[in-house]
There are 2 protein chains.
Amino acid sequence: MNLKELARKLDLSPTTVSRALNGYPEVNEATRERVAAAAKRYNYQPNTRAIRLATGRAMAVGHVIPLTTRHEIVNPVFADFIAGAGEVYSRNGYDMLLSVVPDDNEERAYRELKSRGTVDGVIVHGPRLDDPRIALLTEMEVPFVVHGRATGSALPYSWVDVNNRRAFHRATEFLLDLGHRRIGLVNGLEFMDFAIRRRAGYEQALAQRGIALDPAIMVSEEMTETAGHRTVAAMLRAPNPPTALLVSSMIMALGARRAIEEKGLRLGRDVSVIIHDDELSYLRNGDDVPIFTATRSSVREAGRQAADMLLSLISGRETGPKELLLEAELIIGQSTGPCKG
Amino acid sequence: MNLKELARKLDLSPTTVSRALNGYPEVNEATRERVAAAAKRYNYQPNTRAIRLATGRAMAVGHVIPLTTRHEIVNPVFADFIAGAGEVYSRNGYDMLLSVVPDDNEERAYRELKSRGTVDGVIVHGPRLDDPRIALLTEMEVPFVVHGRATGSALPYSWVDVNNRRAFHRATEFLLDLGHRRIGLVNGLEFMDFAIRRRAGYEQALAQRGIALDPAIMVSEEMTETAGHRTVAAMLRAPNPPTALLVSSMIMALGARRAIEEKGLRLGRDVSVIIHDDELSYLRNGDDVPIFTATRSSVREAGRQAADMLLSLISGRETGPKELLLEAELIIGQSTGPCKG
DNA sequence: AATCATTTTCAAACCGCTTTGGGTGTTTCA
DNA sequence: TGAAACACCCAAAGCGGTTTGAAAATGATT
């Protein structure tokens, strides 16, 4: 059933039917209802392809997933972010388009998205230090929202991010208040923006209490279980091991915990650990009581917010770069305790 | 730059230009080259929206991600599958459309996809026992490929799956050959098809050696770290604990390992563990040497294969239901050893 | 009742491509 | 040499909607 057929059945012109369904004012309320009823009865669904061509809007937003060619890693956070964003899109009649693109090829991917008109806007994932995509998209005049921020970018742009600096600042203070003085940092690779900010928060908190940094207990690694295990095991083996750790992700923390327990130490008693918890659906921090003390911030919620922001940018209702800084909660779990000694 | 403009520049009709670019025979080779050159020079990109309307093809495939309303879990395997499928799509000029849909609402989502013509085909994720989506899509005449299989479905359909039964059969035999007689199964929830098959393989292998099943060491749970830990801890606490375990996922296995080590036992010596390894990019089974002995099968590769299959179904080149059963490798790691005792 | 404003509806153009059904100039062949 | 076959190209009609500009119907005003 298409518009013309529906119009014929109603003895109306396609024009009127179209207007009736799209809520234009210049149509009699009575006929509007008649049209709506018929549309429902015949289960009329307007053809998206035609709408797109006619209106020039794509009614779709793109997510370009960078595939780091070096590591071939898909960010584990990604699936949940998408789930959040997807809710918003489908509520607003938008489609979500995914392109998985090797990161040596991103510019072309973005340009094509624009010039073929497949999307109205883009979400930028995994911003890196001084990310070139921001300049690119700005120049192309594609509405976009960054999930995270890109330290060092000169241009203004829209973003949704967790306050990583403050989260780790607070977490560090929490450990300091428990009496810990030797606090290790197990961070992600620092070409990722969030890792830089987390370190900044950590360093600032230590500095404020006059504690010197010790590179021996600060690592920056891929965020895998093995890396977490390896680095923490090394720290614990070394002289003057940390009594507490800040760990950048749940997965790394599983490795960290393993290293701790292997050493015959007990989590929360001998070594305190605070993690950052993105609330990934398949990696919950405990079923009801949190296991790890954590700075918690739902990445799914971030997805929702970013999608919302992008849609409002696309609609033109709101203009100019918008920014949203989500605060992480500090959740007290069983992995932290006072420093003994 | 659109087709008409390009045609004008070349002093040709849009017809000829279109044909030249799309490789139709009725155009002089010389002019074809002239057109190609001009297209490149002016960076002409045909408008996707127009192509879609004109051809009636969507040049897009849909992935409907079920969001289990009960658990709100996004399958962790999903991101890597998408990465694999995405490669194939972009190589073939197809877009990948994602809709995240609460699983109480799936039918409507599929119907809309069809009637609005946004996609040419669909990949079905997370098939369940006797999954109703298979009948639905067959009836709607939408080309589709299932990732996995749906035990109990009467209709024929196309699928790509790992030979879960054989993988677990072989893994069980491997443990039996090492002398283990008390082998536990830590499985996913059995509304998921793969869990059913894995159990079947396990049971068959035991039966062939005349070993009776013991429900006390067979669990079926959500595939989380905590569940892995909880269930294995319980097994080890109970009288007559298993000397070996089959664990359905890497994440569960991390929990299982924790339970083992907590108990003061050593992985691979006191308790042998074989896992199923989907080769998730962010959860590698060891960096170079595998940590766990595993039945390994790349879910990213499955994504590539499923996408390939779907595209060939869509093109009509091949017809009828196609099936692809991928065999899992048995990778020997450090988590298995002979049964002592 | 005639005029004007307002509401309601419609025909036709348009979005940018593909595709059908010719046309024109060249070859081929009887 | 004329007819048939072929190679190459084009005008125009879709695809299924939206949107513009104008007409028809209705209502208000004088």
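On a predicted model such as this, the values are computed, not experimentally measured, just so you know. Just so it is clear: chains get the letters A, B, ... in the order the sequence lines come, proteins before strands, and each one is counted from 1.
- Regarding contacts with the backbone of D:dT20, every side-chain N or O of A:Tyr24 stays at 4.0 angstrom or more from both OP1 and OP2.
- Put simply, the side chain of B:Arg19 and the base of C:dT20 share a donor and an acceptor less than 3.5 Å apart.
- For B:Phe81 and B:His125, the ring centers are positioned less than 6.0 Å apart.
- The separation between A:Leu21 atom CG and D:dG17 atom C1' is 11 Å, rounded to whole Å.
- Taking the side chain as every heavy atom from C-beta outward, A:Met309 and A:Glu318 never approach each other to under 4.5 Å.
- The side chain of B:Ser18 places an N or O atom within less than 4.0 Å of a non-bridging phosphate oxygen (OP1 or OP2) of C:dT18.
- With hydrogens and angles ignored, a donor-acceptor pair under 3.5 angstrom links the side chain of B:Thr15 to the base of C:dT19.
- The side-chain heavy atoms of B:Pro46 and A:Arg116, taken from C-beta on, include a pair separated by under 4.5 Å.
- If you measure from atom CZ of A:Arg8 to atom P of D:dG16, you get 12 Å, rounded to the nearest angstrom.
- One finds no side-chain N or O of A:Thr55 lying less than 4.0 angstrom from the OP1 or OP2 phosphate oxygen of C:dC15.
- Listed nucleotides C:dT9, C:dC17, D:dT18 differ in distance to A:Glu26; the shortest reach to its side chain belongs to C:dT9.
- Taking side-chain N and O atoms only, B:Thr31 has no distance below 4.0 Å to OP1 or OP2 of D:dC8.
- Whole-Å rounding puts the A:Leu12 CG to D:dA24 P distance at 17 Å.
- Contact annotation: A:Thr16 side-chain N/O to C:dT9 OP1/OP2 distance is not under 4.0 Å.
- Taking for each of A:Asn28 and A:Ala54 the nucleotide of DNA chain C with the nearest heavy atom, the 5'-most of the two is the partner of A:Asn28.
- Contacts of A:Leu53 with the nucleic acid, taken as non-hydrogen atoms under 4.0 Å apart, include base atoms.
- Taking atom CG of residue B:Asn47 and atom C1' of nucleotide C:dT18, one finds them 13 Å apart after rounding to whole Å.
- Spacing between atom CD of A:Gln45 and atom P of D:dG17 amounts to 11 Å, rounded to whole angstrom units.
- C:dC17 atom C1' lies 11 Å from atom NZ of B:Lys4, rounded to whole Å.
- One interatomic measurement links the two molecules: CG of B:Asn2 to C1' of C:dC17, which rounds to 9 Å at whole-angstrom precision.
- Summarising the geometry, atom OG1 belonging to A:Thr118 is positioned 12.0 Å from atom CE belonging to B:Met59; distances are rounded to the nearest 0.5 Å.
- At whole-Å resolution of the value, CZ in B:Arg57 and C1' in D:dG16 are 17 Å apart.
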